[in-house]
Participant: 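My structure is below; once you've seen it, I'll send some questions.
Because only heavy atoms are used, hydrogens play no part in the values below, and waters and symmetry mates are left out as well, while side chains stay in. First the proteins, then the strands, lettered A, B, ... as listed; each starts at 1.
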Protein chains: 2
Amino acid sequence: MSVANPSDKAVAILNSARALMMDRGYNGFSFRDVAAEVGIKSASIHYHYATKADLAEATAKAYREAFSDAMDGLVGLDAPATLRAYGTFFVTTLRDQGGLCLGGVLAADAITLPDQVRAEVISFFDTQHDWVAAVLRKGQAEGGIRADLDVDTFAKVFVSGLEGAMMVSRGIRQPQNLETVLEHLILLARP
Amino acid sequence: MSVANPSDKAVAILNSARALMMDRGYNGFSFRDVAAEVGIKSASIHYHYATKADLAEATAKAYREAFSDAMDGLVGLDAPATLRAYGTFFVTTLRDQGGLCLGGVLAADAITLPDQVRAEVISFFDTQHDWVAAVLRKGQAEGGIRADLDVDTFAKVFVSGLEGAMMVSRGIRQPQNLETVLEHLILLARP
DNA sequence: GTCTATACGGTGATAGAC
DNA sequence: GTCTATCACCGTATAGAC
């Protein structure tokens with residue numbers, strides 16, 4: 001059922017673009033790739049998204065919002081467990097889809113991105129850094145996080161550590177390396 | 001002077017390919033880009049390197065060897081200072097050339113890489129992890145590194161943290177963020 | 001060693017029929 | 001909304017003259 005507002009096809013295109021970009025980056029996917037997955041012709045995609053920049057921008061925005069919703073769903077856990085659940089988003093993506101974080105992929109491609117997509121990347125990491133820092137701050141108050149930690153800086157180490165570990169782990173064909181890095185990062189934050 | 005063994009042009013092509021790949025990734029540079037920089041036609045590149053895969057492989061191999069030589073030059077420093085000098089390789093690359101580590105860029109592009117290039121990526125990170133772990137182990141013996149640290153795991157956190165921070169820092173247009181992450185990683189390793 | 005010329009597939013994008 | 005047809009590139013790669 002459901003009335004399907006922004007058109008089912010538009011959503012299908014967005015999902016396909018997201019999966020392809022997480023796998024191969026902005027320069028590694030084409031309208032024809034998306035068309036083949038969705039079951040339409042590449043020309044038809046332009047009806048929903050005028051340009052590749054528009055498609056990538058919409059994809060990045062939807063990803064950022066969905067990621068924020070997922071983070072907001074992490075309640076009722078102490079700080080270390082929250083960090084673990086957050087990191088498990090990355091672990092699951094790599095293990096189940098073989099893909100990277102869309103934010104990280106686009107950051108790597110940043111130089112070649114249209115401005116509007118680049119702006120989404122900046123917004124994505126601002127959100128991530130702020131959210132992780134807030135978790136750490138609460139953890140310090142509860143005693144689960146080292147009291148002498150600079151939370152804003154450690155948040156950046158944590159996020160960049162996970163992003164880098166995703167790429168390196170996939171690159172060296174050792175996906176389980178990501179989990180190792182995640183657990184060690186959490187360990188470093190504990191008292 | 002100098003007799004110039006592997007042909008000056010071949011070296012110039014390699015250097016151009018390295019800079020372009022560090023900036024835009026494997027799928028973001030072309031034979032025509034290299035040709036324009038070196039001052040020849042793109043067809044002439046094929047005389048030195050038959051295919052793009054061959055060129056990328058040779059570039060990655062030269063990068064890995066040059067990086068190893070640079071690491072071997074870091075002697076006479078204690079462990080924290082060695083880690084700082086190592087991390088400064090990354091900081092300098094980002095600040096002076098605006099480029100990323102070639103290993104990290106290729107890891108991000110790993111899915112789309114020819115096998116021979118992918119193999120170089122694996123070799124690169126094996127070298128990095130082993131070298132950093134050895135520095136940490138020596139540091140533990142000297143007392144400059146936390147004795148309870150799992151050096152093999154922290155080495156991976158350190159390398160992935162720098163790789164991720166390079167991409168994120170450039171992506172959000174805050175290159176100085178890389179230095180912040182580097183210093184914090186060193187701090188976390190100290191007793 | 002480098003050139004010109006060219007082959008040939010992939011790419012984003014548009015026009016216009018249905 | 002989706003299609004076919006087409007465009008104007010750009011990509012790697014090759015053949016053969018110089």
Side-chain angles (χ1 to χ4, degrees), chain A residues 2-21 23-60 105-106 109 111-118 120, chain B residues 2-21 23-60 105-106 109 111-118 120:
Chain A
S2 100
V3 201
N5 309 35
S7 137
D8 286 349
K9 274 287 161 58
V11 174
I13 290 168
L14 225 55
N15 285 336
S16 173
R18 178 181 46 72
L20 285 167
M21 288 177 73
D23 203 51
R24 312 180 208 168
Y26 181 77
N27 299 310
F29 90 104
S30 72
F31 274 48
R32 285 179 173 84
D33 293 331
V34 174
E37 280 197 4
V38 174
I40 56 178
K41 296 296 176 181
S42 76
S44 305
I45 298 180
H46 291 282
Y47 171 80
H48 300 279
Y49 305 96
T51 67
K52 188 177 184 181
D54 289 332
L55 174 57
E57 180 191 9
T59 304
V105 165
L106 294 181
D109 289 340
I111 292 290
T112 65
L113 292 183
D115 284 348
Q116 45 188 330
V117 183
R118 178 76 171 263
E120 277 298 329
Chain B
S2 98
V3 200
N5 308 33
S7 138
D8 286 350
K9 275 287 161 58
V11 173
I13 291 168
L14 226 55
N15 285 335
S16 173
R18 179 181 45 73
L20 285 166
M21 288 178 72
D23 204 50
R24 312 180 209 171
Y26 181 78
N27 299 310
F29 91 103
S30 72
F31 274 48
R32 287 187 172 101
D33 293 331
V34 174
E37 280 197 6
V38 174
I40 57 179
K41 296 296 176 181
S42 77
S44 305
I45 298 179
H46 290 281
Y47 170 81
H48 301 278
Y49 305 96
T51 67
K52 189 176 183 179
D54 289 332
L55 173 56
E57 180 191 9
T59 304
V105 165
L106 293 181
D109 289 339
I111 291 289
T112 64
L113 291 183
D115 284 348
Q116 45 189 327
V117 184
R118 179 77 171 263
E120 276 297 329

Participant: Taking the side chain as every heavy atom from C-beta outward, state whether B/L55 and B/H48 have any pair of such atoms under 4.5 Å apart.
Facilitator: no
Participant: Can you check the A/R32 CZ to D/dC7 C1' distance for me, whole Å?
Facilitator: 11 Å
Participant: Would a distance-only check, ignoring hydrogens and angles, find a side-chain to backbone donor-acceptor pair under 3.5 Å from A/Y49 to A/A10?
Facilitator: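 Yes.
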Participant: Identify, with sequence neighbours excluded, every residue that meets salt bridge (charged side-chain N to carboxylate O under 4.0 Å, His left out) alongside A/R118.
Facilitator: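 A/R118 satisfies salt bridge (charged side-chain N to carboxylate O under 4.0 Å, His left out) with no residue once adjacent residues are dropped.
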Participant: Do A/I13 and A/S16 have side chains that get closer than 4.5 Å, going by heavy atoms?
Facilitator: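 Side chain of A/I13 against side chain of A/S16, heavy atoms only: no contact under 4.5 Å found.
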Participant: Which parts of residues 47-55 of chain A get close to DNA chain D, meaning a heavy atom less than 4.0 angstrom away?
Facilitator: A/Y47, A/H48
Participant: Could you check how far CZ of B/F31 sits from C1' of D/dT14, rounded to whole Å?
Facilitator: 12 Å
Participant: So A/S30, base contact, sugar-phosphate only, or nothing? Heavy-atom distance under 4.0 Å.
Facilitator: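 Contact class for A/S30: sugar-phosphate only.
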Participant: Grab the CD1-P distance between A/I40 and D/dT4 for me, whole Å please.
Facilitator: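 Computing the A/I40:CD1 to D/dT4:P distance gives 12 Å.
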Participant: Is the backbone of B/A12 close enough, under 3.5 Å, to the side chain of B/N15 for a donor and an acceptor to pair up by distance?
Facilitator: no
Participant: Looking only at atom types and distance, does a side-chain atom of A/D33 sit under 3.5 Å from a main-chain N or O of A/S30, one as donor and one as acceptor?
Facilitator: yes
Participant: Can you tell me if B/D109 uses its side chain to pair, donor with acceptor, with the backbone of B/Y26 under 3.5 Å?
Facilitator: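 Present.
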Participant: Need two values: the first and the last nucleotide of DNA chain C, 5' to 3', having an atom under 4.0 Å from any heavy-atom of chain A.
Facilitator: C/dT11 to C/dT14
Participant: Are B/F29 and B/R18 close enough, and set up right, to give a side chain to side chain contact (heavy atoms under 4.5 Å, CB included), and what steps lead you there?
Facilitator: CA-CA 10 Å; B/F29 91 103; B/R18 179 181 45 73; over 6 Å; no
